[in-house]
Structures are given as structure tokens and as C-alpha cells.
Visitor: 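Before anything else, here's the structure in question.
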Amino acid sequence: MKERTLLVIVLVTTALLAAGFWVAANVNLMPAEASTRAALVDQLFRAMLGLAAVIFLLVEGLLLYSVLRFRRSKGDEGDAVPVHGNRALEIVWTVIPALIVVVIGSYSFRVLAASETREADPIVVNIHSRQFSWSFEYPAEGVTSTDLHLPLGRQARFLITSDDVIHSFWVPEFRVKRDATPGQIAELLVTPSRLGAYPVRCAELCGVGHASMGLSSQAVVESPEDFQSWIEKTRALSNDPVTTFNTMGCNGCHSLAAAGAKGVVGPVLDGLGQRAGSTASGQDAATYIRTSIVKPGDQIVPGFADNVMPRNFGERLKPEQLQALVDFLMAQ
Ligand code: CUA
């Protein structure tokens, strides 16, 4: 009898471990791995998923076995055998989970330490978020963009902040997510390892346009040569009003055909030049448009909420950018 029990334990343990390894090797719930960090995170995730599968099958299996094996038989009205503790069992079910926690904890710490290792000569990108868009500033290159372009294989150092409320920078394919908090700068290191374009999402409910923050910007990983030519092309366009319109995030809230913008949070801007001179404010069209950009609270269009549009465009736009933007909107 004892030998049979031992055999059952050995067989069940083998089957559970085999199931755990199978799950770890074959179940993939993650999107593409587009950074060196993603490979490390996925290994950890697979190990934990395999372990969780073993524990799930063990616990549910014991439960099912007990329900069937110890169920009340017909006509049995007696009490069950009273059991007062089992020291060996209690030690086992305390020590094993404690060991699992220690192993997962130290493995996770190693993955975290490895993914935050600094490499030489990173490309620095200041990431700004606001209701409801992202912009990516490359201080060394003198360029700002609505898309996050990155050269393949070179570490990127993101410095993330917010102009208004808390947002959260999230690129699932890089396996990174970090809060963008007003008044603080959060650092994040990513080394892209796969060519392609991946959506940049916002992972913090930040207002009526939260969902659209996941539609407006992409993380584009490209070869160092393509990246360099993109930098040069973007730099040449830095005072172009359509570029300004999109990099400043106007497209996140407004729709405007000439800029390819489809935002739904703020007023439609198509035809603005024609109607801007006849608003209730009594200003001429150019003044009305300029005021709407730098002091948006002074003239809220009926039906739209106050305190949605950022108040700092007066500081963020260079005078020539603002002028070009006003001229451009006048022509709409
Ligand atoms: Cu920004 Cu949600």
C-alpha cells in the first residue's frame, strides 16, 4: 500500500511539472518583443505562468479529489472525524510558498536590475504628455515630433513628464509603462530590438480624450540611417504650421482636414478663418484665433468645457511658430 501511494505521488508530481513546463513553453499572452527588456520580462512571465499552472492544477485537483472521495454517502448522518491540526502539513504549506516567493522575488529583482542597466551614449528623448496627446522632444538633435522615432539597437533614455494631469506612457511591445506626473520627471531606459511601428498608449484615465491618446502617436523603430534622415527632415519642418499643430497636440482634441487631425474633444477647426471674425467676442479673426491659442479660457465656444485646453501655449510656442499657426488657421 505504501509503495502504491509513493507511486501515485511520483506520477502526479511528474504530470504537474510536465503541465507547468508545457504551459511555460507554449502559452504566449504577450505582443511582439520589441526591446531587449521585453525578452527578459517575457522569460520571467513565462516562468511565473508555468508555476501558476502547477499550483492551479494541484489545488483544483486536490479540491476535486476531496469533493468526490470524501462526499457524504447515502444514509450517513454521523459527524466527521474531528481533526486537530497537522504540524507536518502546516510546515510544508508554509515553507513551500515562502520558497516560491523568495525565488520569484529574487528572479524579478535580477530582471529589473538587468533592464535598468545604463549603456553608453543613449539617445535622450523628453516625453511630454498633456490632455490629450504626446510629444517627443530630442534636445540634442533640436527636434520635436508627435511620433517617437528610435534607432534600432541604441539605448533610449526617456525623461517623462506631464503638462497637466497624470498620464502614463505605455508601449506594450517594449514592456514598459511609466506614469507621467506634472512637476516630476520620470526616467525610463529602453533599447529597441525590432524594426516596426508600435502604438504609444496612455495607461492612466486622464479625462474625456483618454482613449484618443492611444491613437495619435507611434513608437517607430528604424535603422540608424533612416533615423538620421528622419531627424534632418523633421528639423527642416520645425516652423511648418501643420507640424506645429500636430507636435503641440492640437490634433489630439481638434479636427482639421488640412492637418489630418480627427480629434473630437474640442471645436472643429475646418472653416475657422471664415467664421473667426464674426464671433461674439467682437475681435478681428486673427486676434480671436491668437487669443484662443494663448488664453483659451477667455473665449470658450458654447457647448465646450473650460479648463480642458492647456494654458501654456503662449510659453511653449516660439513667436514665429505662433504667427505661422495663426496665419495657417486664418486660411482654413
Ligand atoms: Cu492621458 Cu489617459
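Each ligand, and each atom within it, is numbered from 1 in the order the structure gives.
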Visitor: Is Glu77 paired with Arg72 through a side-chain N to carboxylate O contact shorter than 4.0 Å?
Guide: yes
Visitor: I'd like to know: is atom 1 (Cu) of ligand 1 within the 2.8 Å range of an N/O/S atom from Met213, strictly under that distance?
Guide: yes
Visitor: To 10°, measure the ND1(His167)-atom 1 (Cu) of ligand 1-SG(Cys206) angle for me.
Guide: 100°
Visitor: Looking at Trp230 versus Tyr138, is the centre-to-centre ring distance below 6.0 Å?
Guide: yes
Visitor: Within rounding of 10°, what is the angle whose vertex is atom 2 (Cu) of ligand 1 and whose arms end at ND1 of His210 and O of Glu204?
Guide: 90°
Visitor: Is there a donor-acceptor pair under 3.5 Å between the side chain of Asp270 and the backbone N or O of Ala257?
Guide: yes
Visitor: Out of Tyr198, Trp134, Phe158, which one pairs with Leu148 under the side chain to side chain contact (heavy atoms under 4.5 Å, CB included) rule?
Guide: Phe158
